[in-house]
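Down below is the structure, laid out as structure tokens.
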Number of protein chains: 2
Amino acid sequence: MKPMTFSEENYLKTIYHLMSLHPEGVSTNSIADKMETKASSVTDMLKKLSEKNLVSYKRYQGVLLTDSGLHEAKMIVRKHRLWEVFLVEHLDFKWDEVHDIAEQLEHIQSEKLIDRLADFLGNPTQDPHGDPIPDADGKIAKTEKQLLSELKVGEKAICVGVKDSSSEFLKYLDKQQISLGTTIEVLEKEDFDQSLHIRTKQGEVVVSQKIAGNLFVRKG
Amino acid sequence: MKPMTFSEENYLKTIYHLMSLHPEGVSTNSIADKMETKASSVTDMLKKLSEKNLVSYKRYQGVLLTDSGLHEAKMIVRKHRLWEVFLVEHLDFKWDEVHDIAEQLEHIQSEKLIDRLADFLGNPTQDPHGDPIPDADGKIAKTEKQLLSELKVGEKAICVGVKDSSSEFLKYLDKQQISLGTTIEVLEKEDFDQSLHIRTKQGEVVVSQKIAGNLFVRKG
DNA sequence: ATAAATTTTTAGATTTGTCTAAAAATAAAA
DNA sequence: TTTTATTTTTAGACAAATCTAAAAATTTAT
């Protein structure tokens with residue numbers, strides 16, 4: 001595989017993420033929206049990626065990654081998430097500060113570098129947000145990230161992310177002193193409205209079903 | 001300073017290095033040679049950098065970095081060398097493997113990242129080749145790299161690089177079991193031909209003035 | 001099924017960084 | 001000081017990735 005441009009890599013990665021939502025085919029417009037570009041630009045790039053056999057593309061039909069495109073995409077995601085681990089674990093970055101930097105680092109070309117980095121980090125299988133890190137062959141461990149609302153009474157977990165990152169929701173979390181890394185224990189679940197009684201460092205709090213369905217946690 | 005393109009950064013860095021050889025002005029052709037591009041491309045870029053006040057350029061007159069161009073160049077060199085330290089000290093790379101990767105990493109944009117990285121590495125003042133690392137303000141400690149031929153009898157130093165990296169010279173070093181990191185002690189200097197008797201892990205060896213003038217070492 | 005709305009693609013233009021070929025300025029040599 | 005050689009710049013072209021505007025295909029609604 002000859003080296004790709006940054007732009008090509010960004011398209012592959014975006015299609016990869018959109019494919020997990022729409023496995024039957026990803027539309028031109030959805031790619032344009034996600035990448036904040038125009039549909040016409042997407043069409044041009046899809047033709048190019050198609051000629052390189054990284055995507056299977058038929059006009060007006062949406063697009064899917066080929067096997068080799070999928071592998072390339074996974075390697076980019078692997079790099080992104082390994083760098084995030086490095087930034088958080090060794091350079092003291094917070095979860096919400098690492099994305100833009102990892103977005104740049106994911107394009108660094110060197111297999112040796114990424115293998116050594118993975119070793120250095122202890123071959124982690126998930127990033128600081130609880131998302132899985134593909135291994136060098138592209139294998140992905142089952143994600144251990146789940147919604148707070150999926151926990152059973154008595155289970156403990158740590159907060160690893162949010163589904164909806166609207167500023168109202170983040171402000172709410174702030175007020176409840178819930179942030180990345182906060183440990184949460186489910187004390188009780190109300191059958192009536194599915195609201196949860198949870199224990200945080202803060203003390204005991206009640207959160208609605210809606211809140212619990214927007215907060216990602218990882219058991220352990 | 002708004003972000004620069006990779007290409008702009010590479011030009012600044014090249015001009016910076018050439019300026020240490022030709023402080024009175026750097027010629028268009030020398031830049032083209034070093035960057036393996038054409039003189040006409042260089043001219044175009046010099047105009048662009050000049051408009052951004054990063055170089056002072058008058059046609060047919062060669063070019064020099066302005067104060068702000070110099071600062072930018074130093075920050076790129078700082079990043080390059082810090083990443084080299086990281087690769088060698090934490091990811092077990094050898095001195096001769098790090099250049100191409102650092103060449104990519106030097107373009108990552110984040111002041112916070114580079115400050116944190118420097119802290120993580122213990123704020124080193126020189127890279128694995130013995131070249132100085134500018135601090136966040138652009139200050140550069142006196143280089144501690146010198147030629148083996150400059151050492152006095154009795155002094156010890158470690159090998160940090162070569163001046164001429166022709167394969168004959170590298171093969172010679174290999175045969176003498178001298179490599180990056182090898183400790184060398186000067187035992188005796190022949191007045192007649194300036195050849196040196198040195199001690200390495202290998203034992204006692206005699207090297208000519210020519211060899212000693214091609215090998216960089218760092219005292220300590 | 002036909003019209004209206006949406007999505008996607010084409011056609012043509014723009015920007016960045018590069019190139020070749022030719023012209024202009026400078027430096028070296030006779 | 002001319003002539004010659006070298007260096008540098010201009011002029012014009014090209015590839016990559018993008019954009020706008022308009023056309024074509026598809027989908028949705030009447």
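Here is the naming used below: chain letters follow the sequence lines, and residue numbers restart at 1 for every chain.
Within 4.0 Å (heavy atoms only), F6(B) reaches no atom of the nucleic acid at all. Here S7(B) lies in heavy-atom contact (under 4.0 Å) with sugar-phosphate atoms only.
Residues I211(B) and Q176(B) have side chains not in contact (no heavy-atom distance under 4.5 Å, counting atoms from C-beta outward). You'll find the side chain of K13(A) reaches within 4.5 Å of the side chain of V77(A), heavy atoms only.
Taking atom CD of E36(B) as the reference point, atom C1' of dC19(C) lies 16 Å away to the nearest angstrom. Atoms NZ (K38(A)) and P (dT18(D)) sit 13 Å apart, rounded to a whole Å. dC14(D) atom P lies 17 Å from atom CG of D44(B), rounded to whole Å. Between the CE atom of M45(A) and the P atom of dA16(D) there is a distance of 10 Å, given to the nearest Å.
Between dT10(C) and S40(A), no contact under 4.0 Å exists linking OP1 or OP2 to a side-chain N or O. For K47(A) and dT10(C), the shortest distance from a side-chain N or O to OP1 or OP2 is below 4.0 Å. Contact check, Y57(B) against dT8(D): no side-chain N or O comes under 4.0 Å of OP1 or OP2. Residue T43(B) places at least one side-chain N or O under 4.0 Å from the OP1 or OP2 atom of dT9(D).
Among residues at least two apart or in separate chains, side-chain hydrogen bond (donor to acceptor under 3.5 Å, both in side chains) pairs with a member in residues 22-35 of chain B are S27(B)-S30(B). Pairs of residues two or more places apart, or lying in two chains, that qualify as salt bridge (charged side-chain N to carboxylate O under 4.0 Å, His left out) and include a residue from residues 107-126 of chain B are E97(A)-K112(B), R78(B)-D115(B). Contacts classified as salt bridge (charged side-chain N to carboxylate O under 4.0 Å, His left out) and involving residues 210-220 of chain A (residues at least two apart or in different chains) are given here: E155(A)-K219(A).
The side-chain contact (heavy atoms from CB on, under 4.5 Å) test with L65(A) is passed by exactly one of M19(A), E72(A), H71(A), K74(A): M19(A).
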Margin query: Walk me through whether V26(B) and Y16(B) qualify under side-chain contact (heavy atoms from CB on, under 4.5 Å).
Written below: CA-CA 9 Å; V26(B) 175; Y16(B) 175 76; over 6 Å; no

Margin query: Before you tell me yes or no, could you show the steps for L180(B) and V88(B) under side-chain contact (heavy atoms from CB on, under 4.5 Å), namely the whole-Å CA-CA distance, both residues' side-chain angles and the distance that decides it to 0.1 Å?
Written below: CA-CA 11 Å; L180(B) 247 286; V88(B) 168; over 6 Å; no

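F86(A) and W83(A) have perpendicular rings, their planes meeting at more than 60° on a 0 to 90° scale where under 30° would count as parallel. Between H99(B) and H80(B), the angle of the ring planes lies from 30° to 60°, which puts this pair in the tilted group.
Of the residues in residues 9-18 of chain A, none lies under 4.0 Å from DNA chain C by heavy-atom distance. Within residues 25-34 of chain A, the residues having any heavy atom closer than 4.0 Å to DNA chain C are, in order of number, S27(A), T28(A), N29(A).
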Could you pull out the protein-nucleic contacts involving nucleotides 22-25 of chain D (nitrogen or oxygen on both sides, under 3.5 Å)?
from, atom 1, to, atom 2, distance (Å)
dA24(D), N3, Y60(A), OH, 3.4
dA25(D), O4', Y60(A), OH, 3.3

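Place T37(A) and Q61(A) on DNA chain D by their nearest nucleotides, and T37(A) ends up nearer the 5' end.
Under a cut-off of 6.0 angstrom, the local environment of CG in D67(A) is sparse, with at most 12 non-hydrogen atoms contributed by other residues, nucleotides or ligands.
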